[in-house]
Amino acid sequence: QVQLVESGGGSVQDGGSLRLSCAVSGRASSVLCMVWFRQAPGKEREAITSIYTGDGSRAYADSVKGRFTISQDTAKNTLDLQMNSLKPEDTAMYYCAAQYSIRSWCDVFRAKADFAYWGQGTQVTVSS
């Protein structure tokens, strides 16, 4: 059983930065596909970036590419998301999710139903 707890959300102005963290516990030695999703009011939950813990390979949605960076801190056992140049349209609830998988499964963004493990979410609000 994997437990995920997000932290680091908050309110910033347009162009600001935030760093989200997802504490991971209870994981087995198998590798994980770990993904940051976000859900804005009235919209579907969407995957925005992923990392495969086995080799550190990463993927980004076009909407965040060049502005967001996903990383894993193996010493602290966290999944982090550095968000720079934030825009009002980045306002959403941000969730980390995890699923045991092989590398090829993690190469493609999956739907929320494909992930068994979720954090509770952390709110990010960007004002103009």
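If you read the sequence from its start, that first residue is 1, and numbering goes on from there.
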Participant: Under 4.5 Å between side-chain heavy atoms, hopping through other hydrophobics if needed: is there a path connecting Leu4 to Tyr100?
Facilitator: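 Linked, Leu4 and Tyr100 end up in one cluster.
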Participant: Would Val2 end up clustered with Trp118 when hydrophobic side chains under 4.5 Å apart are linked, directly or stepwise?
Facilitator: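 No.
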Participant: Hey, is the main chain of Val24 close enough, under 3.5 Å, to the side chain of Gln3 for a donor-acceptor pair?
Facilitator: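 No; zero donor-acceptor contacts below 3.5 Å.
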Participant: Is there a donor-acceptor pair under 3.5 Å between the side chain of Gln120 and the backbone N or O of Glu6?
Facilitator: yes
Participant: Given 3.5 Å as the limit, does a donor-acceptor pair link the side chain of Gln99 with the main chain of Ala116, or not?
Facilitator: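 At least one qualifying donor-acceptor pair exists.
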Participant: For a 4.5 angstrom cut-off between non-hydrogen side-chain atoms, does Tyr117 reach Cys96?
Facilitator: no
Participant: With a 4.5 Å cut-off on side-chain heavy atoms, are Ile48 and Phe68 touching?
Facilitator: yes
Participant: Please check if the side chain of Tyr52 supplies one atom and the backbone of Ser101 the other of a donor-acceptor pair under 3.5 Å.
Facilitator: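 Checked: pair present.
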Participant: Counting distance only, does the side-chain N/O of Ser50 pair as donor-acceptor with the main-chain N or O of Arg58 below 3.5 Å?
Facilitator: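 No, because the side chain of Ser50 does not come within donor-acceptor range (under 3.5 Å) of the backbone of Arg58.
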Participant: Flag the pair Asp80 and Arg19 as a salt bridge only when some basic side-chain nitrogen lies within less than 4.0 angstrom of an acidic carboxylate oxygen.
Facilitator: yes
Participant: Are Phe37 and Leu18 grouped together when hydrophobic residues (ILVMFWY) are joined by side-chain heavy atoms under 4.5 angstrom apart?
Facilitator: no
Participant: Is a side-chain N or O of Tyr95 found less than 3.5 angstrom from the main chain of Val35, in a donor-acceptor match?
Facilitator: no
Participant: Can you confirm whether Gln123 is buried at CD, in the sense that more than 12 heavy atoms of other residues, nucleotides or ligands lie under 6.0 Å from that atom?
Facilitator: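 Counting neighbours around CD of Gln123, more than 12 heavy atoms of other residues, nucleotides or ligands fall under 6.0 Å, so yes.
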Participant: Quickly, which of Arg38, Lys112, Gln39 forms a side chain to side chain donor-acceptor pair (under 3.5 Å) with Glu46? Name it, please.
Facilitator: Arg38
Participant: Regarding Asp90 and Lys87, does a basic nitrogen lie under 4.0 Å from an acidic carboxylate oxygen?
Facilitator: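 Salt bridge: no.
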Participant: Please tell me if the side chains of Pro88 and Asp14 come closer than 4.5 Å, counting only heavy atoms from C-beta onward.
Facilitator: yes
Participant: Would the Phe115 and Trp105 ring centres measure less than 6.0 Å apart?
Facilitator: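 Here the rings of Trp105 and Phe115 have centres that are less than 6.0 Å from each other.
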Participant: Before giving the answer on side chain to side chain contact (heavy atoms under 4.5 Å, CB included), spell out for Leu81 and Thr69 the whole-Å C-alpha distance, their side-chain angles and the decisive distance to 0.1 Å.
Facilitator: CA-CA 6 Å; Leu81 182 64; Thr69 302; over 6 Å; no
Participant: Are side-chain heavy atoms of Gln82 and Asn84 found at a separation under 4.5 Å?
Facilitator: yes
Participant: Short question: side chain of Arg67, backbone of Ser85 - any donor-acceptor pair under 3.5 Å?
Facilitator: yes
Participant: Going only through I, L, V, M, F, W and Y residues with side-chain contacts under 4.5 Å, is there a path from Val12 to Tyr94?
Facilitator: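 Yes, Val12 and Tyr94 fall within the same hydrophobic cluster.
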Participant: Compare all side-chain heavy atoms of Val126 with those of Gln13 and state whether any distance is below 4.5 angstrom.
Facilitator: no
Participant: Is the side chain of Asn77 donor-acceptor paired with the backbone N or O of Thr74 at a distance under 3.5 Å, no angle test?
Facilitator: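 Such a contact is absent between Asn77 side chain and Thr74 backbone.
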Participant: If you apply the rule side chain to side chain contact (heavy atoms under 4.5 Å, CB included), what do you find for Leu79 with Ile70, and how did you get there?
Facilitator: CA-CA 7 Å; Leu79 174 73; Ile70 190 172; 3.8 Å; yes
Participant: Ignoring hydrogens and angles, tell me if any N or O in the side chain of Thr53 forms a donor-acceptor pair with the backbone of Leu32 under 3.5 Å.
Facilitator: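 Side chain of Thr53 to backbone of Leu32, a donor-acceptor pair under 3.5 Å: yes, one is there.
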Participant: Once you round to the nearest 0.5 Å, how far does CG of Asp107 lie from SG of Cys33?
Facilitator: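 That separation rounds to 8.5 Å.
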Participant: Looking only at atom types and distance, does a side-chain atom of Thr49 sit under 3.5 Å from a main-chain N or O of Ala59, one as donor and one as acceptor?
Facilitator: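 It does hold such a pair.
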Participant: Are Trp36 and Tyr60 grouped together when hydrophobic residues (ILVMFWY) are joined by side-chain heavy atoms under 4.5 angstrom apart?
Facilitator: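 Looking at the clustering, Tyr60 is in the same group as Trp36.
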